[in-house]
Structure formats: structure tokens, C-alpha cells
Visitor: 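First the structure, then my questions, so here it is.
Naming convention: chains lettered A, B, ... in sequence-line order (proteins, then strands); numbering from 1 in each chain.
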Amino acid sequence: MMRYRRKEVFLLVVEPVKKLQRPLKSLLPVLTLLILPNLAFAEDVLSAGDTAWMLTATALVLLMTIPGLSLFYAGMVRSKNVLSVMMQCFAITGMMSILWVVYGYSLAFSDGGSLNSWIGGLDNFMLLNITVDSLSGTIPETVFMTFQMTFFIITPALIVGAFAERMKFSAMLWFMAIWGTIVYLPICHWVWGGGWLSQLSTGPLDFAGGTVVHINAAVAGLVASVMIGPRKGYKKVLMAPHNLTFTLIGAALLWVGWFGFNAGSELAADGTAGMAMAVTQIATAMAALTWMFVEWLKHGKPSVLGIASGAVGGLVAITPASGSVGPTGAIVIGFAAGVGCYWGATVLKNKFNYDDSLDVFGVHGIGGIIGALLTGVFVSAGLGGVGFGEGVTMAAQLGAQAISVIVTLVWSGVLSIIILKVIDKIIGIRVPEEEEIEGLDITSHDERGYSL
Amino acid sequence: MMRYRRKEVFLLVVEPVKKLQRPLKSLLPVLTLLILPNLAFAEDVLSAGDTAWMLTATALVLLMTIPGLSLFYAGMVRSKNVLSVMMQCFAITGMMSILWVVYGYSLAFSDGGSLNSWIGGLDNFMLLNITVDSLSGTIPETVFMTFQMTFFIITPALIVGAFAERMKFSAMLWFMAIWGTIVYLPICHWVWGGGWLSQLSTGPLDFAGGTVVHINAAVAGLVASVMIGPRKGYKKVLMAPHNLTFTLIGAALLWVGWFGFNAGSELAADGTAGMAMAVTQIATAMAALTWMFVEWLKHGKPSVLGIASGAVGGLVAITPASGSVGPTGAIVIGFAAGVGCYWGATVLKNKFNYDDSLDVFGVHGIGGIIGALLTGVFVSAGLGGVGFGEGVTMAAQLGAQAISVIVTLVWSGVLSIIILKVIDKIIGIRVPEEEEIEGLDITSHDERGYSL
Amino acid sequence: MMRYRRKEVFLLVVEPVKKLQRPLKSLLPVLTLLILPNLAFAEDVLSAGDTAWMLTATALVLLMTIPGLSLFYAGMVRSKNVLSVMMQCFAITGMMSILWVVYGYSLAFSDGGSLNSWIGGLDNFMLLNITVDSLSGTIPETVFMTFQMTFFIITPALIVGAFAERMKFSAMLWFMAIWGTIVYLPICHWVWGGGWLSQLSTGPLDFAGGTVVHINAAVAGLVASVMIGPRKGYKKVLMAPHNLTFTLIGAALLWVGWFGFNAGSELAADGTAGMAMAVTQIATAMAALTWMFVEWLKHGKPSVLGIASGAVGGLVAITPASGSVGPTGAIVIGFAAGVGCYWGATVLKNKFNYDDSLDVFGVHGIGGIIGALLTGVFVSAGLGGVGFGEGVTMAAQLGAQAISVIVTLVWSGVLSIIILKVIDKIIGIRVPEEEEIEGLDITSHDERGYSL
Amino acid sequence: MKMVSAIIKPFKLDDAREALSDIGISGITVTEVKGFGRQKGHSELYRGAEYVVDFLPKVKLEIAVDDALVEKVIESIISAAATGKIGDGKIFVSDLEQVVRIRTGETGNDAL
Amino acid sequence: MKMVSAIIKPFKLDDAREALSDIGISGITVTEVKGFGRQKGHSELYRGAEYVVDFLPKVKLEIAVDDALVEKVIESIISAAATGKIGDGKIFVSDLEQVVRIRTGETGNDAL
Amino acid sequence: MKMVSAIIKPFKLDDAREALSDIGISGITVTEVKGFGRQKGHSELYRGAEYVVDFLPKVKLEIAVDDALVEKVIESIISAAATGKIGDGKIFVSDLEQVVRIRTGETGNDAL
Ligand SMILES: Nc1ncnc2c1ncn2[C@@H]1O[C@H](COP(=O)(O)OP(=O)(O)O)[C@@H](O)[C@H]1O
Ligand SMILES: Nc1ncnc2c1ncn2[C@@H]1O[C@H](COP(=O)(O)OP(=O)(O)O)[C@@H](O)[C@H]1O
Ligand SMILES: Nc1ncnc2c1ncn2[C@@H]1O[C@H](COP(=O)(O)OP(=O)(O)O)[C@@H](O)[C@H]1O
């Protein structure tokens, strides 16, 4: 995906021609001569079709966080904490939106001048210079901005699952605000905003955010779950999901909304968007089935939590690949994600004994890494993908993928540790033990989830 | 927004040119001469992109009522009445749809001839004269008609919250049918259908329905809650929301669906729709945070019900403004809505001691008024808006906004009183006390919400 | 709807002209001469607007199954089986997706050569020959493929309701895989893929799947419910829906998603799509109200389960008609569906005493048959429809409709019996009695729905 | 000591609790129960199938009291919970041999 | 009077109630409880973590009866609720000193 | 035989059950109840309306035991459930006249 707003004259010329080709494809030979003189000075032209899709895609990504992710997570905690996780997702939605408007969009996507390899500038501080008529490619810049905002919302919201049932609400807000600013915005700029990762000779492929969103969030979650420590009674008392109907519905809404996430990342309603949607569906289905069958084989029964987790793992894994691979790649990626995320959530976690409450790392971390790496394989035209860039080998591409994974792991991991340490020093990151026992709904929010 | 179906020759000529500009912008200088002779006789031309967005927007607005509003409200009542509010929303959806088809659309949007300042005509009675090929601007008239139908559905559904847990189901249906007919249709015609409000020299700005929908419904709700009287035990027994997870999910679906409501009101997939979506997101986020922080300051804890109510308040307030203001306006409107609706639901109601069960007036009334008035301020180009009309001052615009608010308050208030009085005389508006105690689910519908 | 991918030269020429007409309608007289020579060799041209709508429609149809249908069904079973029905819907979503990719799409929509009257070929086995650039009409073939996939998902998922609370999970998977392959794929090919039904001199009209989807699923469900036998305690113990809030929300999501199902079946964002959405809304509203009032009259109270069932009945009945009838037809069809499905679920079932747990036949079977037949009536231009084909009389059309209904009833009925018999022989189709008593959630999936 | 158990209508719970407070009773244990009795249940209707649900939601109050207080407790419950309509419920009194406060280990009347 | 409490399997509730009706018992109070006993619970599996849930859903019936009826009540509960499988439950009988009908203030056998 | 009923804090249930197992008690019936007592409830806040909710979730354990075991049972519950904070709960002991195992019809101590 080319998210970097095209400003060079070259693109300005090419783009309208490309778009015009659609309705006018067959007119071109005849009209080219007439048109060209004008095109040389033309600006981007709005496509109502692309805009229609991107308005929809933006709504779909918001649907992923609230209600999707909220429900997915809410169902997995104990009933005394159900509101707390939903509240966290909702408050994050509000807060990240405002931060995005104030400086987030600008730092991620505007031109950072001499610092542009590292971070964007402040030209769009408070969305200055964005008007009703501003375009980004063939869609209004407002739409591009809002679409990207939804990514800035869901990424921190994903982290919530790792420290669910024990983190202080105020500390959570501080963490997300700072993490979003110093971890997410730079990485987003590096990958999609024209920063250094996108300028490597062989750039890593991350169509819809495998690294920026999922690995990024997963590492932060892992760090947080370790630093905050396990829930009281972890591995001793029953911490079964209190409402798996919510978890399944949440997974379903994530699935539906993810079409906006992946196919929307094309920023247009075209063949690539279509293929992105198709492979998203295929990989997700495959991963859901795979987890289900693996569990069935190993434990004798297929479970709702399993199939839902598998679906989410598949969605994560296809995310970076969705603009590059074909159906075959999607099936393999889905299969690998099903197996890998199952292993992440059931084996890996138990081996290292951290309490990543809702398996953010097991699903988004492992799924994200699998997807990022396999993108480097299945982009190959021979395997049904769109093909490597000019002169790029599979090894080179795999290397680029690995670099982007490692950079994300390190950057997000190290900074998350520092941020949490500081917040813990100043206000503390964990609720007192009695509050944890009584449940965060009553103690942090003076409310109860259900009085049926 | 220009909802009035363009029929004048002038518009017929201008519109296609405007639309054609998109794909053909740069061709225009060359082609104008060739095209113009044809355009003089041209009809509106369908835009697949605009149609795609409006089909989606229509689905999104339906999503607001069912399931969105149903869940939002259902969660706030006691468990013995959960089905009754959902049933009311659903039945209203059915009934208003049919009334819209029979005469609603016609009275609101067709030409009323000599009475056109007051009410539309009967040209489209039973949707006569609307065919597969009828256009309304660049979209099929069927889509325009269905989109508007969803507004006719959600407005009465909003009122339900004010008299929840005690109104007779049959009386509720009668009230909505009559209120929709003699209150909503005229106001809708005045503002969007070419009636007198839209013909004022300085017309009030109401992009997506701050007056027509929200203030209108809120006043009716206030009147109904006062006339029906408080719930038995009001302020004495615990009337806590029985399922705040539903309320939060409902608010989330309202938020997502509202993109269709606001950005859909542009009736096209263009820059204005994009900005409408962006400011909707911004104001909502801001209002949600504001309510949360105000509550946190005043009561020591942020709550789920608070943040959800704030979000809805923000959505309401940005509604009239969404096509006119920019991001700065959205932030201020969101902030004002957060504070104002908080005050409306927690202070105002207690002061006057009416039992507006789910704070329809506190949220939709106060939010709607704040939004309507601030639209008159932030439309100013200097404040990032699209600018006042030719020769209009801020004072004049504010005056127009105030007029539309007052007209709505009076018209809806007075007529609601009369309608309720009449219905109360004939069939009674409140269920018997024992039924209220036992709960409406069993007594009005022979069903129970949950048997877990 | 024309789902058959156009490959003939004739269509290739006509189609682009039709699409070009939109932006270029008024240019045509002038430009035709210039364009025509090129068009003769032109391929299909992608429309961003149509693609935008179809991406959305695909997401909407997925929304129907998960979460919509899952919730609709989940709410109606007893709480001990809530996960089992949701799990079935979700697992079906995964499995059918993969089967569709492997051979389903190919057998349904690719050219079957000499067997083409009966079944498609294997040209698109594993989606071979479908690339990012493949078009199907004006949309990417990937989008067409995924859209059709969602139909292949929801059809078996509908069947689940008939044998809910007692079927073995493994047997259910086998049944769906085989049924989808030997029942659905041929019928789909016959009606939409160029098979024999579509080649009749008077072809049956089935715009969005009244026969292929609803009658087809309903008969299979009826057969399954009879062969598996009634639930233990049927008609003796209380088998009330355990969570009608879910059922209503599910119905609401079905309603919203169905816009994608019906208006999406046009495969374009145009006037027909607009009318399809409008009539869907109208018929659904009418059917919901009708069921509600009939129940009110007969039993004294309107119910949530009733109005929700009525809505679904209306959605089913308008499905085959949605591209052919006008508002009047929609109202009548909605009314007939309301009465008919009410009768199907409350009278018919009791008369024959089968235990179709969630009334799949009563709602989808009866509704589907009503819709299929009335389509043959209300397509009449005199009744507001798009009119009969050249030289076709109402009697002839009704005959064609009846044929398609009967063919579906017989094909699906007979094969379902055989498939179930075989599966029963090999692995058994019903869970042991103690498992049924304890509930499938614990016994089949080792999970509980709620621990509130 | 005696254990007084009262089955009452749910919406009378608050009144009963207040009435008991007024006579100095501070400890009550409440259970949600379903009652079958003379009072007729409601019917529920699902797609034409009518179920007569003959259990009714009730709450059970359990109050351990000193023998001397039993009569007062019974009276105050009756005064608070009686509506005069069928289904108001019952009060059962049984003997308690021992009461212990878990926190302190106190027993007998001290533990109440 | 005696209070007969029976812990039985939930799906036997209807049978038990009918059996009790048959011998003229019209008042019953039912509570949903969880039982630990010899009967083994099920295991639940969540993302690889297996929990053995050893409480089982049961219902408790409480029936206040005249002394003379105790045996009949016990028999009819046994006949209705026994499946012969482990976990069928228990019946406990204790003495009731007093019964009061809230609606009327009647006491003793009249209150039943 | 005696019926020992203990009202304890919900999160102490597992500890209590284990402690009882340790002294050989295998049968327990557990009910979710709400307790009013000295322990203060929490307040809930909904749109500015503050409700003081003074019932607290508790669980009730009912254990039928042979007379000889009563003291041990009480001690082990106290040791498992006491936190020393207000609201730890109570133990009530009353007499049981009869116990029957439904499955077998056994009575008395054999039925436990
Ligand atoms: N014999 C009994 N044993 C236990 N509980 C009883 C008995 N009789 C009645 N109850 C309880 O008391 C409640 C009210 O009894 P009911 O006969 O309906 O009315 P009333 O209390 O006015 O006589 C019942 O719902 C049931 O819970
Ligand atoms: N000593 C006891 N005290 C209280 N309740 C008991 C006791 N023993 C058993 N129960 C209850 O009886 C139920 C059935 O007991 P269990 O030992 O499983 O089977 P059985 O009744 O066949 O002996 C338990 O689930 C529990 O609720
Ligand atoms: N007199 C009583 N009768 C019945 N239950 C009681 C009585 N007193 C207390 N309880 C129960 O015991 C619980 C704990 O009592 P409380 O007074 O809060 O603290 P403590 O047990 O420390 O004295 C209460 O919530 C209630 O359920």
C-alpha cells in the first residue's frame, strides 16, 4: 500500500491518468492527445467510488475496536471486570482520536523535512491545512486522515488484553498516550509515512499493518503483562471467560470489520482491494479451522474460544500480506497462523509463565510475525502473489521482512519498558489487591456489568 | 445539505457538470463546447460512487436504530423491562417504514404546490412515480427515499427512552404514528423539503438533523415523561442499568452508524462527506472524554455509562454542524456537548424532578441545542468552517439557528402534549401499577428477557 | 440478476457502453462514433463505484451469518446449548469458505463445458486463473467470488436452526460439507451459473436467492429435524428462548446485512440496487408488523420473538423478488410472508409434529415459497414491477417460479435424506441422551456460555 | 437462638429490610428463590407455544435472632411484606443450636 | 411441622414437582444451588488451560409439611428424582417450630 | 446429625472447600446469597445518581455432618475463611432429624 501522500509532480500526472483509465479506458487512444496538455498541470482527482469505499472502510475499522474488540475481550475476563476492559477500549478510542487530531496525523504523515527519515513534521498540527477539498490520492484527505486514525485507535486498544483485570485505569491512559506518541507514531511514519524503513532498497512489505499495528501492540502487551505481574490467583483459581457469546460475537465483528482494515488499506475500490478482501476471508477461515482441528486432536474437543482465537490469529497474519499474496498464500498463511497462534497461546505462555491475560502476544505477536515473514515468501508471483519488486529476490525480501519485525520488537519492547517504569514510579500501574479481588468494575468505575 | 430534490432546469444543468468534473475535470476546457449543447437537455446522471456510499449510509443509519439504539436503551432499563424497550424500537422501525411509504415521503419531500411552505404534496403517495430509474441528484430516488426513511424511523425511536418502563405499548404505537405524521413530517419538510424554514433569507443550517431529529425527539420525550409521570419508586428504589455491556455496545454501534447519518447526509461520496465523517469522529471522541473527566473530577471515578452518554451527546451535537464546521469547531462542540449533556442528565433533571428515564432530553435535547447554536458560530471560515452564506453575519446565522431551535421546541412540545392528552383520554398511556411492578416484558409481551 | 460471468463478445461490447453511460450519458451522442471502433475490442471496465458497493455488500452478508444469524439462533436455544449453535455457525463459515476456494466457486460459476447445463467446470479449481486484474462485469472477479462465497456460507448456516440442541458436531460438519457440494453447488449453477434452469425459455426469477438459499436450506432443515427426531422433552418441558435480547439483535443484524444480500445481488450500485434495498426494507417492515398484529389478535399480546420472526420471514420472502418488484409488490409480499410464516411456525409445525427447533422451515421454507411465487405476480409492470420478459405471460412466469420451487424441494429433500442416512450409519448424527440433557456446550465443547 | 426464614415478594425486600433495621436487626442473608404455591404463575408465549410458568420469583430472608426477638421479627416482616394478595409468602422458624462469627470466633448471641 | 429439603438434579425438578402435587403438596420453594459430592464434575478447557469444575448445578426444594406427611413426601421425591446414578442428591429433614402465612397471619398447619 | 451452614466471602470458597476435604468432608451444597450486615456495601453511580448498594455477594455452604464432626467442621471453615476483616461471615448449626440418599434410599449417617 502506498499511504504516503503523493506530492511529486510525476505522481500527480500519473495518478489521474490511472484513474481516468477506468471510465475512459477505451477512449484513451483517441483522447490522449487532447488530454495530455491539461494533465501536465492537473491535480489529483477525487473518485467517488474510491471515496465511497474508504468512508465505509473507516466505519468498518471503528467497528473493529468498538464494539468488536471490546466484546472479544470483555467476554474473556471474569464478570467482575467486564466493564473495565470495555471502558478501556472506549476511552482509548476517545483519547487517541484527539491526540491524532492534535499532533498524531501530522507527526505520522506530514513531511518531516530534514528529520523525515525519523518522524513527520507539524504542518498538519491540529489538522491545519486540511480542508474539505484536500485530496490524498483519489480520496479526500479527511477520509485518509480518519481512516488512519482508526489504526491509531485500535493498536493501543489491542494492548489492553495483556494486562486486563489488574491495571489502574489512570495509568493505562497515561501509558497509551505516551506509547502512542513515542512508539506508534514513529513506526507508522517509518513504514507508511515515508520514513527510513520505506526507503530501504528492499522495503519491507506491510500492506495493512502487521508490524505497525499487531507486532507493535503485542510486544507492548507482553512487556506490560510481565512488568505488572500475574493476576492474583493466576493458575490457581478458575479464570474462565465469563461470557463466550460475547467473545464469539466480538470475533465475528472483528472479522467483518477487518475487511475495512485490509481492503481499505488499498485506499481505493479496485482489484487489489478485491484481492485483499478475498485473501483476508480465506486466511481467516483457514486459521479458524486449523486451531479448531488442532485443539480437537490434542484435547478431544473443538471449542468456541479456540475457533474464535484462530480466526483472529488468521486475520492478524494475513494483514501484512493482504495486498501482496494470492489465495494459495492465504491458505498457507492461515494454516500457519492457526498452528502458530495455538502454540503461542497454549504452549509458549505456559512455558514462560507470564500472565498475558487474553493472549495478546500469543495471537497478535505470533500471528503478526508469521504473517510478516510469510509475506516475503508468498508475494512471489510463482506462488500466486503480485511478485517481488524489480530485482528483489525472495531472500532479500525475507530479510527486509525480518528487519521490520526485529525493529518493531526492539523499539516497542524497549520503550514500553521505560514508559511503564516511569509511570509505575509516579502513580503506580496496578490496582491494590483488594480492588483486584473485588473486581475493577465496582472499584474503578462504581458500576456493575450485569444485574440480571 | 441540499436534500430538496432538484427539479429546476438550472440545477439539472449544473449538477451533471459538477459531477462530470470528477472524472473529466481536466477534460473540461477541451470538451465543454462539445458537451454543452447536450447538457442543456440533460437529466441528472447517476454516480455509482455516490450511490455506493448512500446504499451503505442507509444501512448504517438502520444499524443505529436496530441494533444500536435498542441495545443502548435496553442496557439502561431494569431487566424486567429489557424486552419492552427493544420491542418498541423494533416495532417503530416497522411501522414508520410503512407510514413513510404510504404518505410520509410524499408529504415531506414532494412538491406541496401552494401549500409547499408548510407541507409537501401527494405526488408520491404510495411511492407513486418513483421507478427504478428515478434519480435524486446523482443517486437513485429509491436510495434517497430509503435513506430519509431511516431518519423517520430513528427519530421516534429516540423518544422511547423518555418514558421507558411504564408506557402502554399500544398507546406508544398510536403516539408515534400521530407524532410522526403531524410533528415530524412538517418540520422535515420545512427544513429539508423546501418549506418555509429553508426559504428564510438566512436559512438555519442543519446538515444532518440536529433540529429535525434530535431536538424534535427530545422535546417530545420530555413532554411524555412529564405527562406519564415518574416510574413507581423513582428516586427511592435502585433503578440501575441492568446491563451496561449492552449500553456500551449500543453506544458503539450508534457511533459507527452515525457516520452514515452525518456523512450520508451529503448524499454523495465527496469532500464534504469526508469532512463530515472526520468532524463526527472528533466531536464524539471529545465529548466522550469530556463527560468522563468531568465525572471523574466531580465523583472521583470515570464510568462506562458516563463515557457512553458523552459519546452520544457528542454525536448529537455535531449532527447539525457536520457539513459546516472544521476540526476546531468539532473539538469545541464536542467539549461543550460533554459538559452540557452531563449537566442535562445529572443536574437539570434532578432540579426539575421529571423522570426522563434514559435522559433523552438531557442528551439529545441539550446536545441538539448546543450543536444547533454552535453551528452558527463554527461555520465561520475564520474558525475553520465552510464560511457563512453570501452577506450573512455570525449574528444573523445565530439568529437563524435560534429560530429553528425555538420553532422545533414549540411545535413539537405543544403538539406532543395534545396528542398524549387525546390518547390518554381514549386508551390510557400508562400500564397499571401491578404490571409496572412485575415488569413490562411479562405483562405486555408474555416473554422474559433472559433465562440464563 | 445476471450472475453468470459474461464472456460472450456481445456482452463485452454492451457492458462497457452501459457503464460508460453513467458518467458519459450526455456525451454519447457526440462521442459514440469515436468510441465504437475501440469498444469492439474492449474488455470489461472496472467501476470503482460498483466495486465499492460490492466490497461493502460482501461485508454485510458476512455480517448476516456471523454475528447476525448466530445471535438470532443463539438466543432461541436453551442456555446450555448457546455456544453449540454459535460454534456451528462459525465453523460452517470457516469450512464453507475453504471448500468454496478449493472447488465450490469453480463448480458453481466456471464453464462446465458439455456438462454446463448441470454443473460448472474446474477451470477455477483453487481459484486458478483469478488474478488481481480479473473482472466479472464491472467489479473485480475476486469480489464477485467472495460475495458468492458468503452465500455458500449462510445457506448451510441457516439449516443449523432445524436440528439445534441435539446434533453431533462432527456429523454436522460432514453433512454441511457434503450437502454444500452435491446440493447447493448444482442448484446455484442451474440458477445463476448458466445451468439448465436459467436456460428455460421462461427462466425462473430469483434475484437474490429465494430458492438457491432459503428454500434449499429450509428443506434440508426439515428433513434433518425429522430424521434426527425431536429434542428430548419436546412439548413437555419448557424450551423457551434463553435470551431474546440476542434474538432481537440478531434479527436486527440480519435486517441490516440483508441489504448487502439483496441490493448486492445486483452486482452494481445502480437504480436496481436502490430499488432492491427499498423493497427489502418495505417488505421486512410489513412482515414484522403483520406477524406482530396477527399474534396480538390471536393471543392477546405482541411478542419480541414474533416481530423478529416476522422480520426474518419478510426478508426471506422479498429475496427472490427484490430485483423485480416495486413498493406495492413489497407490501403485499411482506404481508403474505407475515401471515404465512406465522402459520408455518405455529400451526403447520404443530400439525405435523416435527421438531424444527428454530423454525427453519416455517420461516425460510414458507417465506421462500411465498416470495418465489409472488415474484411471478408482482414482476408485472402493471403491479409496479419491472415487467415480464418479452412475450412472457404471468401464468408462464408463475409456472417457471413453481418449477424452480419444486425442483429445489425435491433435489434438496431427497439428497438430504440420503446424506443423513449415510452419515448416521457411519458416525451417528445425534448426541447421546445424557449429553443432550447436560447440554452440548459442556459435552461437545468443554465450555459454558455464561458465568455471570 | 432461632433462625427465621421468610419467603417474600421481591419488590418488598427493601421495605422488609428497613422494617428489620428499625427493630435493631442488622444481619440478614438473602437468597433469590422460586416459589410454587397457590399464587398462579404467568404464561409465556413463544411462536405459538404457550408455557405456563408456575414458579414465581421470590426472595428468602434468613435472620438468626435471639429467642426473645422472634415475635418482633415476625411482626415486622409481616407488616412490611404483606400486600393482602395471594403469594405474599411464609415465615418459617426453626431452632439454631449454635452461631459462630468467623472473623472473631465469637459464639452464641455475641456472634449475631 | 417439618422442613424437608431435597437436593436433586435440575432436570428432575418438573417430575418432582408433579409427584409432590400428586400427594397434595402445593407449596414448594426452589433454589438453584451448586453441589460438591461424589459425583465428578466436568472439565472446561480454555486456550489449553484445563479447569476441573467440581461443582455441579443442582436444585434445592424446600417443603414445609405437617409431621404426618414427611414420609410420603420423602418417598415421592425419591420416586421422582432417583435415576440410580451417582449425584441424585439428598433429602434433609429438620424440625420447624413455627410457620406463618404473611398474607393472613395464620400460623401452624393452617399456614401451609 | 447436624446441618452446618456457613456464610462466607465468595473468594474464600475454594479455600473452604479444600479445608473441608482435608478433614474428610466430601459433600457440600453451595448457594449464592446476598448478605446485609455490619460490612458496608459499595456505592454505584449512574448518571449522577448515587446508589448505596448495601447487600454484598456471599456464598452459603451447607454441610450435613455427623454430630461428632461439627466442631472440626467449624474450625476448618474458620481457618479457611477468616480474613480478620469485617464481613467474614457466620456459621449456623442446627439439628437434622433425618438424611436420605435419593439414589439408594440409605438414611442417617450412611447417607452422608
Ligand atoms: N409448604 C411450603 N413449603 C415451602 N415453601 C412454601 C410452602 N408453601 C408456600 N411456600 C412458599 O411461599 C410462597 C407463597 O405461597 P402461596 O401459596 O403462593 O401464597 P400465600 O403465601 O399467600 O399462601 C410460595 O411461592 C412458596 O415459595
Ligand atoms: N454432606 C452433605 N451436606 C450437604 N449437601 C450434600 C452433602 N453430601 C451431598 N450433598 C449434596 O448432594 C449432592 C449429591 O451428592 P453426591 O455425593 O454427588 O451423590 P449421591 O447423592 O448420589 O450420594 C451434592 O452435589 C451436594 O449438593
Ligand atoms: N443475624 C444474621 N442472620 C443471618 N445472617 C447474618 C446475620 N448476621 C450476619 N449475617 C450474614 O453474615 C454476613 C457477614 O456479617 P457482617 O455483620 O457483615 O460481618 P461479620 O461476619 O464480620 O460480623 C452478612 O453479610 C450476612 O450475610
Visitor: Here's a test: name every donor-acceptor pair under 3.5 Å between chain E and chain F, with the distance for each.
Guide:
residue, atom, partner, partner atom, Å
E/K2, NZ, F/E97, OE1, 2.8
E/K2, NZ, F/E97, OE2, 3.1
E/K34, N, F/V30, O, 2.8
E/K34, O, F/V30, N, 2.7
E/F36, N, F/I28, O, 2.7
E/F36, O, F/I28, N, 2.9
E/R38, NH2, F/L112, O, 3.1
E/K60, NZ, F/E62, OE1, 2.8
E/K60, NZ, F/E62, OE2, 3.2
E/G89, O, F/I102, N, 2.9
E/K90, NZ, F/A111, O, 2.7
E/I91, N, F/V100, O, 2.7
E/I91, O, F/V100, N, 2.8
E/V93, N, F/Q98, O, 2.9
E/V93, O, F/E97, N, 2.7
E/V93, O, F/Q98, N, 3.3

Visitor: At their closest point, which heavy atom of F/A81 faces which heavy atom of F/I8, and how far apart are they?
Guide: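 Result for this residue pair: CB-CG2, 3.7 Å.
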Visitor: Are side-chain heavy atoms of E/V65 and E/V70 found at a separation under 4.5 Å?
Guide: yes
Visitor: Closest heavy-atom contact between F/G41 and F/L56?
Guide: CA-CD2, 4.0 Å
Visitor: Answer with side chain, backbone, both or neither: which region of E/F92 has an atom nearer than 4.5 Å to a non-hydrogen atom of chain F?
Guide: both
Visitor: If every non-hydrogen atom of E/I63 is compared with every non-hydrogen atom of E/G27, which pair is closest and at what distance?
Guide: CG2-O, 3.7 Å
Visitor: Sort out for me which of F/L112, F/I25, F/V59 touches chain E most, counting heavy-atom pairs under 4.5 Å.
Guide: F/L112
Visitor: Is there a side chain to side chain contact (heavy atoms under 4.5 Å, CB included) between E/I91 and E/I7? Walk through the geometry before answering.
Guide: CA-CA 6 Å; E/I91 301 174; E/I7 317 286; over 6 Å; no
Visitor: In Å and rounded to the nearest 0.5 Å, what is the CD1 to CG distance from E/I23 to E/L69?
Guide: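 Result: 6.5 Å between the selected atoms.
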Visitor: Give, as side chain, backbone, both or neither, the part of F/M3 having an atom under 4.5 angstrom from any heavy atom of chain E.
Guide: side chain
Visitor: So, for F/A111 and F/V100, which heavy atoms are closest and what is the spacing to 0.1 Å?
Guide: CB-C, 3.9 Å
